[in-house]
Protein chains: 2
Amino acid sequence: MIKRQGLMKKLAAQPLYKQVIREVMTAVEAGEWHDDENLPSEVELGVRFGVSQGTVRKALDSLVNEGVLYRRQGVGTFVAGMNDFLARGLFQPLTGEDGLTPKIELLGCVRIHAGEQLADILGLRRGAALWQVRRLLRVAGNVIGLEEMLLPEAGFPNLDIRRIRELKGNLRELCWRDFGIRLRDGEVRYRAVAASQSEARLLMVDLNEPLLQLVRLARDFEGKPQVWSVAWLKTDTLAFEPAPFA
Amino acid sequence: MIKRQGLMKKLAAQPLYKQVIREVMTAVEAGEWHDDENLPSEVELGVRFGVSQGTVRKALDSLVNEGVLYRRQGVGTFVAGMNDFLARGLFQPLTGEDGLTPKIELLGCVRIHAGEQLADILGLRRGAALWQVRRLLRVAGNVIGLEEMLLPEAGFPNLDIRRIRELKGNLRELCWRDFGIRLRDGEVRYRAVAASQSEARLLMVDLNEPLLQLVRLARDFEGKPQVWSVAWLKTDTLAFEPAPFA
DNA sequence: TTATATCTTTTGTCTTATATAAGACTGTAG
DNA sequence: CTACAGTCTTATATAAGACAAAAGATATAA
């Protein structure tokens with residue numbers, strides 16, 4: 001039961017609906033409800049947290065807005081299946097609204113050490129151990145993207161290639177199921193760059209071919225940087241647009 | 001005064017808050033309140049439309065979310081100054097969070113005829129008259145972007161270079177102030193392309209230099225396509241990210 | 001068996017009451 | 001007269017409760 005605000009003013013209690021957001025979020029992270037399984041009704045949640053349906057509703061509103069949940073009138077509220085960290089947000093193939101679902105192929109996962117710049121970005125000391133994960137994105141068999149991710153080893157101990165392969169590219173799910181880190185979407189930055197030798201080889205394009213580069217820093221819900229990722233995309237046949245929310 | 005829903009069920013009346021959204025939107029479009037001028041209070045608006053404060057609030061919520069309005073607790077609700085059609089959405093210079101405000105330079109505005117493809121996109125017949133507007137984007141004096149817009153002449157009669165120049169790049173404002181067309185943000189598609197001869201010349205880069213290409217189709221609130229625009233950006237020194245909402 | 005009505009559960013909408021925030025105003029100590 | 005602290009006023013923000021609408025599930029009649 002959430003305590004009513006205002007009883008202890010000096011503690012700067014958060015509004016009830018924000019407390020409910022946290023509670024529900026925690027429950028979702030804890031896996032209390034499966035993906036696409038419906039939550040208890042708003043009224044039931046209200047009883048559980050000691051608030052009204054309207055307050056639960058306001059809380060769920062914001063989670064729906066963030067894409068964590070989705071609703072169907074007269075039916076229920078559901079946990080939004082964790083879309084792939086890649087597929088949602090970074091990659092959203094546009095051409096042909098038919099779902100050209102991308103396939104993701106793991107290239108490798110190695111342990112490296114942070115350079116000055118990376119250490120700075122991720123808020124680590126220089127030389128800190130990092131995992132470098134590289135993946136290839138295919139649509140209809142054709143290679144169209146390359147992705148490189150960097151995660152601090154400290155936050156993700158024992159990350160190995162097998163675990164990554166198991167979940168078909170769904171990094172977000174791995175992060176909270178195995179490491180208790182829930183990723184928020186970070187902002188993505190877009191650049192056009194010329195393909196370097198290695199990118200050209202992997203993407204099977206000519207050297208200096210224009211590639212769309214996406215760079216993102218994903219943070220957890222406390223705002224701490226957790227995953228740095230860069231992707232290079234061929235956009236000669238497909239264009240990309242930022243993922244729309246449900 | 002908005003009619004209470006449910007009185008005439010068969011008319012499929014929209015919920016009150018949606019009606020309020022339309023009313024407020026119309027008033028904003030009509031210029032009833034200036035940019036950054038505050039609207040009447042939620043209670044007053046409630047009286048005006050014959051609904052409660054809570055309902056007005058729900059309506060304003062969505063307009064705030066869309067970026068049309070912004071709020072300050074204890075102070076009021078304001079019309080969000082129309083950000084430039086370019087600056088908001090298409091261009092959002094990232095590097096250095098200090099507002100490197102872009103300057104926009106008009107290159108020209110000419111009347112052309114729609115090719116098959118364009119006619120199709122804009123929902124016009126082939127050969128329909130179009131305005132082609134080209135603009136240059138500068139940040140700190142350096143040219144970093146080129147934009148080309150195409151608008152049907154039918155919807156924008158008497159569009160001339162002077163009128164465009166007057167409003168410092170603010171196409172959206174022109175659209176509704178002069179032509180009664182309120183643009184919604186359309187989705188933007190991102191591509192990396194090699195600079196063509198003309199782009200290279202205007203942007204002062206080498207031929208085939210990688211450029212970030214943004215393509216957008218802006219629609220009005222009825223969903224009718226109104227403006228087709230393409231932009232080419234140099235991203236060697238600046239990166240771009242989609243505009244965050246207030 | 002099939003279509004239709006009604007019941008139940010769930011989300012969606014709307015109002016009312018109250019809390020919180022921010023300026024403006026005002027009286028007072030210095 | 002000025003600086004400062006209270007308080008008043010007017011905003012938005014939050015919370016609860018009543019009711020509407022939608023979607024299945026179930027029962028019922030042809």
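The chains referred to below are lettered A, B, ... by the order of the sequence lines, with proteins before strands, and numbering in each begins at 1.
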Whole-Å gap separating [atom2] ([N]) and [atom1] ([X]):
X     : N      : atom1 : atom2 : answer
B:K18 : D:dA21 : NZ    : C1'   : 12 Å
B:Y70 : D:dA13 : OH    : P     : 13 Å
B:Q19 : C:dT13 : CD    : P     : 12 Å
A:Q53 : D:dT14 : CD    : C1'   : 15 Å
B:F78 : C:dA22 : CZ    : P     : 12 Å
A:Y17 : D:dA16 : OH    : P     : 13 Å
B:D61 : D:dA11 : CG    : P     : 18 Å
A:E44 : C:dT11 : CD    : C1'   : 13 Å

Any side-chain N or O of A:T77 below 4.0 angstrom from OP1/OP2 of C:dT10?
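Negative; the distance criterion is not met.
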Does the side chain of A:K58 get closer than 4.0 angstrom to OP1 or OP2 of D:dT14 through an N or O atom?
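Looking at the OP1 and OP2 atoms of D:dT14, one of them is under 4.0 Å from a side-chain N or O of A:K58.
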Just call it for A:R72: base, sugar-phosphate, or nothing, with non-hydrogen atoms closer than 4.0 Å on any strand.
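If one applies the 4.0 Å heavy-atom cut-off, A:R72 turns out to touch the sugar-phosphate alone, with no base involved.
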Regarding B:G54, tell me which of base, sugar-phosphate or nothing describes its non-hydrogen contacts under 4.0 Å with the strands shown.
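Counting heavy atoms under 4.0 Å across all strands, the contact made by B:G54 includes a base.
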Tell me, please, which residues at least two apart from A:Q53 pass side chain to side chain donor-acceptor pair (under 3.5 Å).
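Once residues adjacent in sequence are excluded, the partners of A:Q53 under the side chain to side chain donor-acceptor pair (under 3.5 Å) criterion are A:E42.
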By side chain to side chain donor-acceptor pair (under 3.5 Å) - contacts of A:D61 (at least two apart)
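A:R71.
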Side chains of B:Y190 and B:L212, heavy atoms from C-beta outward: is any pair under 4.5 Å?
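A side-chain contact under 4.5 Å exists here.
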Holding to side-chain contact (heavy atoms from CB on, under 4.5 Å), I want the full list of residues that pass it with A:E44, two or more places apart in sequence or in another chain.
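If we apply the side-chain contact (heavy atoms from CB on, under 4.5 Å) test to A:E44, skipping adjacent residues, the hits are A:P40, A:S41.
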For A:T26, what residues pass the side-chain contact (heavy atoms from CB on, under 4.5 Å) criterion, not counting sequence neighbours?
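Applying side-chain contact (heavy atoms from CB on, under 4.5 Å) to A:T26 gives none.
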Selected nucleotide, minimal atom distance to [X] side chain, candidates [options]:
X     : options                : answer
A:R71 : D:dA15, C:dG12, C:dT16 : C:dG12
B:V51 : C:dT11, C:dT15, D:dT14 : C:dT15
A:Q73 : C:dA21, D:dA16, D:dA22 : D:dA22

Produce the list of close N/O pairs, under 3.5 Å, pairing protein atoms with atoms of nucleotides 3-9 of chain C; give distances to one decimal.
none

Check B:L69 against B:V79 and note the closest heavy-atom contact, atom names and distance.
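Nearest heavy atoms, B:L69 then B:V79: CD2-CA, 3.9 Å.
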Kindly indicate whether the side chain of A:E42 and the base of C:dT10 share any N or O donor-acceptor pair separated by less than 3.5 Å?
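It does not, because no donor-acceptor pair links the side chain of A:E42 to the base of C:dT10 below 3.5 Å.
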Are the side chain of A:R191 and the backbone of B:T235 linked by a donor-acceptor contact shorter than 3.5 Å?
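Pair found, side chain donor or acceptor close to backbone of B:T235.
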For A:T55 and for B:R57, find the nucleotide of DNA chain D with the closest heavy atom, then tell me which residue's nucleotide is more 5'.
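This one resolves to B:R57.
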